[in-house]
Amino acid sequence: MSAQGRSTTDASAFVLDGAAIAEGVLAKVAEETRALAAHGVTPGLAVVLVGDNPASQTYIAGKGRAAKACGFHSIQHTLPAETSEAELLALVEALNADPAVHGLLVQLPLPEHIDSSRVLEAIAPAKDVDGFHPINVGLLSIGNTSRALIPCTPAGAMILIDRACERLGWTLPGMEAVIIGRSNIVGKPMAQLLLARHCTVTVAHSRTLDLPSVARRADILVAAVGQPEMVRGDWVKPGAIVIDVGINRVPAHGRDASAKPKTRLVGDVAYAEAAAVAGAITPVPGGVGRMTIAMLMANTALAAKRAVGV
Ligand code: GUN
C-alpha cells in the first residue's frame, strides 16, 4: 500500500518516538561494549572542539555523556579559537595513531581560518564516525554500506523510516521519496540511503520550482533545510511518512524565570498541520535529533569491532 491508501477519515499520524527508539539503540551499543570487553577492548570516542561556539559546546557535552553511558572511553579536546590549521591537523594525526581511539570527530563549524575539508580529509576513514570523509561518502554512494561509516543523522532517520514502514505495512522498494535539502551532512547521504533501499528519490532545494507540488509527490518526505515550519500541511501527501530533521530555536510568548525572552524548538515542518495529514511523523524535539547521538555511539562501537576484527 502506498501513501494513497490512507483513508481521509483516519486523521492522526503515528508519532515516531525518537527518544524511545534511540534508547533501544543505545542499550544495544552498551551490550556490544560489554561483549567487546571480553576481547580486551573498550571503544574510544575522541571529540575535538575548536573555539567556544555555545551550540557546539552543548552538542559535544551530549556526545560525551552518551559515550560514558555506553561504557566507552570518552576523550574531549577543547582548543582555543586561535588554534592554527596545522595544530589541529597535528592533533588529528595523533588521534588517528592512538589505538585507544576508535572513533574521532571534529565538531563543525570550524573557525573561518581553518579549511574544514582539509581537516575532515585528515581523519582516518576507519575512525570517521561522522561519515564525512570522502572515502566514506564514496563507499555509501556506490552502495558499499558494509564497509562505510554512515553519517549519523540520516542513519538514524532511516531507522525511523523502517519503524514507520513496519507500522504502516509498507515496503520501501518503488516508493517516492522527496528530500528537501541537499547538505553533505543530511540531504545527500539520505538520498543515497533511500536509493540503496530502492526508493525513487528526488532531492529538492532552495532553487526547486513549485516545491509544494514536488513535496506532495512523496510517500516519504524528509525535511532538512533549517527553515522553521516551512513544510505546511498541504505539502504532505495523505498518509505519507514525514521525517523532520530541522531543529530551529524560535521566539515563544512570554519570558522565563531569568526574564530572558522565551524560546522554543520547532522543526522544518509545521507539526500540527502535517500530523493531521501524514501516516507517520517525527516530532521536534524527540524525533530525529535523539537518533543522531545514538547512531554516533553505534558507529563508534562498529569502528571498534572492525578495528579488532570482531
Ligand atoms: N555540527 C553539527 N552537526 C554535526 C555533526 O553531526 N558532526 C560534526 N562533526 N559537527 C556537527
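Note that these values count all heavy atoms, side chains included, but never hydrogens, waters or copies made by symmetry. Ligands are counted one by one from 1 in listed order, and the atoms in each one are counted from 1 as well.
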Inset, instruction - Please could you name the atoms of ligand 1 that Leu105 approaches to less than 4.0 Å, counting only its heavy atoms? - result: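 Listed by number with element: 9 (N).
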
Inset, instruction - With heavy atoms only and a cut-off of under 4.0 Å, state how Phe132 meets ligand 1: side chain, backbone, both or neither. - result: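 The answer is the side chain of Phe132.
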
Inset, instruction - Report the part of Val106 (side chain from C-beta onward, or backbone N, CA, C, O) that has a heavy atom under 4.0 Å from ligand 1; answer both or neither where that applies. - result: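 The answer is the backbone of Val106.
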
Inset, instruction - Starting from atom 10 (N) of ligand 1, locate the nearest protein heavy atom and write down its residue, its atom name and how far away it is, to 0.1 Å. - result: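 Among all protein heavy atoms, the one nearest atom 10 (N) of ligand 1 is Leu108 N, 3.0 Å.
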
Legend entry - Shortest protein contact, atom 8 (C) of ligand 1 (heavy atom only):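 Minimum-distance protein heavy atom for atom 8 (C) of ligand 1 reads Asp130 OD2, 3.4 Å.
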
Inset, instruction - First locate atom OG1 of Thr300, then atom CD of Glu32, and finally report the distance between them rounded to the nearest 0.5 Å. - result: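 The OG1 atom of Thr300 sits 11.0 Å away from the CD atom of Glu32.
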
Legend entry - His198 NE2 to Met175 CE distance, which is reported to the nearest 0.5 Å: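 Going from the NE2 atom of His198 to the CE atom of Met175 covers 13.5 Å.
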
Inset, instruction - Examine Gln107 against ligand 1 and note whether any of their N/O atoms are separated by less than 3.5 Å. - result: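 Among all N and O atoms of Gln107, at least one is under 3.5 Å from an N or O of ligand 1.
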
Inset, instruction - Using distance alone, decide if ligand 1 has a nitrogen or oxygen within less than 3.5 Å of any nitrogen or oxygen in Ile185. - result: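 No: no nitrogen or oxygen of Ile185 is under 3.5 Å from one in ligand 1.
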
Legend entry - Heavy-atom closest pair, residues Arg182 and Ser206: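 Heavy atoms of Arg182 and Ser206 come nearest at NH2-OG, 4.1 Å.
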
Inset, instruction - Step by step, work out the side-chain contact (heavy atoms from CB on, under 4.5 Å) result for His113 and Glu82. - result: CA-CA 9 Å; His113 65 277; Glu82 315 75 67; 5.7 Å; no

Legend entry - Option from Thr153, Leu302, Ile159 for which side chain to side chain contact (heavy atoms under 4.5 Å, CB included) with Met295 holds: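 Single pass found, and it is Ile159.
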
Inset, instruction - Flag the pair Leu160 / Arg290 as yes when at least one side-chain heavy-atom distance between them is below 4.5 Å, and no otherwise. - result: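 Result no, sub-4.5 Å side-chain heavy-atom pair not found.
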
